[in-house]
Structure formats: C-alpha cells, structure tokens
Amino acid sequence: MPEFTTSALEWITLVLEERFGYVFTLRQGQSGLKLSLANTSQGYILFPKVEEAFHLSRSDFPCSHWDADRAGWISVLEVPLPAPGVNDLSEPVIEKKEDCFVINYDILGLTYWMLNRIEEIGRTDLDNHNRFPATASHAYKHGYLERPVVDEWLHILGQVIQCTWPALELKRHQFNMKVSHDVDGASRYGFSSFKGMLRGVAGDILKRRNFKSLLLAPLIHLNSSKKIHHADPANTFDWLMNQSEKHNMTSAFYFICGRTDAYRDADYEPEHPAIRELIRRIHNRGHEIGLHPSYNSFQYPEIIKAEANRLRNIMQDEGITQGELGGRMHYLRWEHPTTLQAWNDAGMTYDSTLSYADLPGFRCGTCFEYPAFNPETQKILDIRVRPLIVMDCTVVSDRYLGLGYTQEAEEKILELKNKCRKVHGCFTFLWHNSFFVGKESYYLYEQILSN
Ligand SMILES: [Zn+2]
C-alpha cells in the first residue's frame, strides 16, 4: 500500500490549515492516517483507507458516488457527491466511534491526487499542442469536471472536524473573482511588419467583410510608436480596467517576454515604448503586471527564468514594484511537474495556468488557491497554484465548446462562477484583451462580471 512521505503529510496539513484556519498534525499509524489538532490530545479523525489510485499516473480507475445528505451530512453542491478512486462506497462512509470519527473514504488522498495533478505526470496521450486534454482526464470520463470535487469533500471534512472539536471556529472564506488577461497581441496592426499588416487587412476583408480596416490598419501601423493607437481593435486595456474598477477588482495583464515560436508568440517586444507606456498605465491605475511565458518555454526552466527576468528588468526600469509576480503559460501549455518547478525556480509568486484548454471546469478539483508541491521530488514549493476555471476561447471558440458570444456561453460561465460562489472559493477567469469582436462580446464580458 502506498504511504505519504513526511513532506507530503506536511503539505496536506498546510492545505488544511489554509482551509480551516487551524494547525493539524497527521500521523501514519497501524490503523490508518490519524488527523489530530495540534496542541490538544483530545479527539482525532481516522482515515483507515488508502486508495492506491491516488498515487498513480493514470485515469482508468473507477468512480463512485455518495449521498452525503442521506447519511446526515450537508452537501455544499448537488447530490450525490462524486467519489473518485472507488468502485463502491459502502455505508457508513463516516462513523462515530467512542473517541474519534472514522472516515472510510480517502479524502486526503483525493486532495493530494487532484491538487498535485498526479494523473498527468509522464502522460503521452496529449493534444496537438502537447497538452494533457480534458477528455483524457478521470474527471471528464466520470462527469465531474464541472465540480470542485476537492472543495466539496473538504466541506464534508469540515463538518467532521467541527463535530470532533465543537469549540473550534473554522475559517470562513469569502467568494471572490479574479480576472486576468493574457496579452497575446497588444495591438492588431501596430507591431506587425508592413507585410503582416497587409495580410491582416486581407483577412479582415475576405473573412470578416470588414472594409474599415483598409483605412484603419495603415493609420494604426504608422502611429503606434509611442502608444498603442486608441482605435486599435486589441486596445481594450482601459475598457477592461474600467470594468474591473466598477466591480472593485483588479485586472492582471500577463505579457509575453520572449519568442520561441515565430508564429504563435507575440509580435511585440516588451521593451517597445508603446508597451512600456501600457505597462506604466496599468500599474498607475492600480492593476497588475504579470508574465505569459512563450510558446515553447514550458519544458525549459531556463527560458521561463530568462523571460521572468526580462519582465522584472522592465518593471524595475519603470519604477514598478509589486507585492507579487504571477502569470500563466501561453496556450496553457504545461508539463507536470516540470513547468510548476520552473515557475517556482524563476521566483514567481503564483501560476494561474491550470485549466484545460478544451473544456472549462476544475482541473485541480478546487477553485481555491493553494501552496504547490512537487510530487516527483516530494518537496513543498514556494509558489502558489491559482487554478483557472474558465478561459474565454474554451467556451466561445469553434475549436472548443463553440458557444460563441451568446446567452448559452453566458449561462455556462455563470454556472461555473456560481459553483465557486457556493463553496466560497475564487472564480478565476481569463479573457484576452484581443478577444473582443462586436458588441455581443463586450456585453458577454460585462454580464460575467456583474452576475
Ligand atoms: Zn497566450
């Protein structure tokens, strides 16, 4: 039977401490994993079951369900609760004994497996961008990708903790929303070559029947040397900041600071005067600057580090200091745990890549931010993981869900936002500055922020 290492146990107690606001200790004993409260010898919770599946990099194991409410507990979302890893979850799942509670489902193993993406390590069933796709995941195969399954189970565990130590006042979390914008293109025509601009115009006319760009494109192309032109279709920065400010939020803008793919990376250099002006403007309005590592950097820690340092230099030049420096991988490219370790070693504060490009939902089974852990080296890392719940194009674009800028897209996104709200977590949402086409797109964005 697999056992947690000491550092894995330490990491689990960190997660529990963040969630519940108390310091716990975890000890592996003869009868199972024993959860106690630090500084008291009274009461404990025993986990006798260890699911081997939670320590293996595969997705072909069963999933059961549990009607917690019928057993006298309270589900935070709909009944029944998915229980990955087991064929059949027989009652009682939670038993009260004389001196403790026994939980016959490996909630801590589930937390370890989901948050540390054990399932993805070394996988070869990847998509055309070498990404682990949603469709290969256990969560998708068993229909719970749109549920924050770890948060749901920790909600149950919280109730058992409360019954074990009735005097505790468990931490109350507040729902919040974080919006971020990957700056894949800062300007539609400002930084492209003359030829590139002409190609863009041809596309506008042939594909989008947009004849306006015949006049607009050369104008923008010639007038973007100091500042991104106000009429540029990708120049939605001020509008995005206005929207965030209306809702008392800050927007985070992640900049590409390297080119490892001539076609897929940005056409701007972050040192360009117009980008510097933009970075200053974002900062002066109280919003956040972050990093968007280039297309081929995900397997190369030294590239991620160099790109992070390039951004740091620009920020330093501009006199910008921020409490944290985070970001997200371009195309959500991610090799686990290589990319995570690379972010950590580049001295970044958080990463917000982990969602699937092909489907929205809870890739990590949670919408809460958490301390990262490298399952290969078994080391607790300094960086934090901020799971992404929805990326704009995942829901809107034809190559993924294909719902367009519609009511249906709005409903799908708000459904996920509401689940985050119900578990008092964080709805992390990505909308590219260059992803607005027509008034429906602006309307959709506003609806998501307002509801
Ligand atoms: Zn990107």
Side-chain angles (χ1 to χ4, degrees), residues 126-134 178-188 190-192 196 200 228 232-237 240 251-270 272 275 278-279 282 287-300 303-304 306-308 310-311 314 325-336 338-340 342-343 346 348 350-360 363 385-401 428-437 441 445:
L126 307 175
D127 73 2
N128 57 333
H129 293 290
N130 283 70
R131 300 173 297 198
F132 180 64
K178 286 193 186 298
V179 291
S180 47
H181 319 281
D182 298 350
V183 186
D184 292 352
S187 159
R188 184 75 196 280
F191 305 113
S192 53
I228 298 167
D232 193 299
N235 190 1
T236 56
F237 300 100
L240 285 167
S251 273
F253 296 90
Y254 303 144
F255 288 87
I256 297 187
C257 293
R259 194 167 294 119
T260 47
D261 184 289
Y263 170 68
R264 295 183 179 95
D265 285 322
D267 62 2
Y268 63 83
E269 300 299 330
H272 190 285
I275 300 293
L278 174 62
I279 286 178
I282 292 168
H287 297 268
E288 183 190 334
I289 306 295
L291 182 69
H292 197 40
S294 64
Y295 184 78
N296 280 312
S297 66
F298 74 120
Q299 292 168 312
Y300 299 98
I303 297 181
I304 294 184
E307 294 181 358
R310 193 171 166 191
L311 181 63
I314 297 167
L325 188 63
R328 171 179 305 115
M329 297 303 295
H330 192 31
Y331 280 70
L332 311 185
R333 288 187 107 195
W334 191 266
E335 181 182 276
H336 202 67
T338 321
T339 319
L340 179 70
W343 274 86
M348 304 297 287
Y350 72 87
D351 170 83
S352 189
T353 303
L354 289 174
S355 183
Y356 294 110
D358 52 338
L359 287 169
R363 181 168 176 173
V385 177
R386 185 178 292 173
L388 175 65
I389 311 304
V390 178
M391 167 163 82
D392 49 10
C393 53
T394 301
V395 174
V396 171
S397 297
D398 283 343
R399 66 183 181 285
Y400 300 128
L401 272 189
T428 302
F429 176 53
L430 154 60
W431 195 285
H432 295 78
N433 63 290
S434 51
F435 201 70
F436 290 95
V437 187
S441 60
Y445 185 83

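Values below: all heavy atoms of this structure, side chains included; hydrogens, waters and symmetry mates excluded. As the structure lists them, so they are numbered: ligands from 1, and atoms in each ligand from 1.
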Point to revise | the Zn ion (ligand 1) to nearest N/O/S of Asp182 less than 2.8 Å | key: no
Check your understanding: From His432, does some N, O or S atom reach closer than 2.8 Å to the Zn ion (ligand 1)?
Key -> no
Review point. Does NZ or CZ of Arg131 lie under 6.0 Å from the centre of the six-membered ring of Tyr356, at an angle within 45° of the ring axis?
Key: no
Review point. Among the N, O or S atoms that His330 has, which is closest to the Zn ion (ligand 1)?
Key: ND1
Check your understanding: In Asp184, what N, O or S atom is nearest to the Zn ion (ligand 1), if we give its atom name?
Key -> OD1
Practice item. Would you please say whether a donor-acceptor pair under 3.5 Å links the side chains of Arg333 and Asn296? Key: yes
Practice item. Carefully, step by step, assess Glu269 and Arg259 under the rule side chain to side chain contact (heavy atoms under 4.5 Å, CB included). Key: CA-CA 9 Å; Glu269 300 299 330; Arg259 194 167 294 119; 2.9 Å; yes
Check your understanding: Mind checking whether Tyr331 and His129 have parallel, tilted or perpendicular rings, split at 30° and 60°?
Key -> tilted
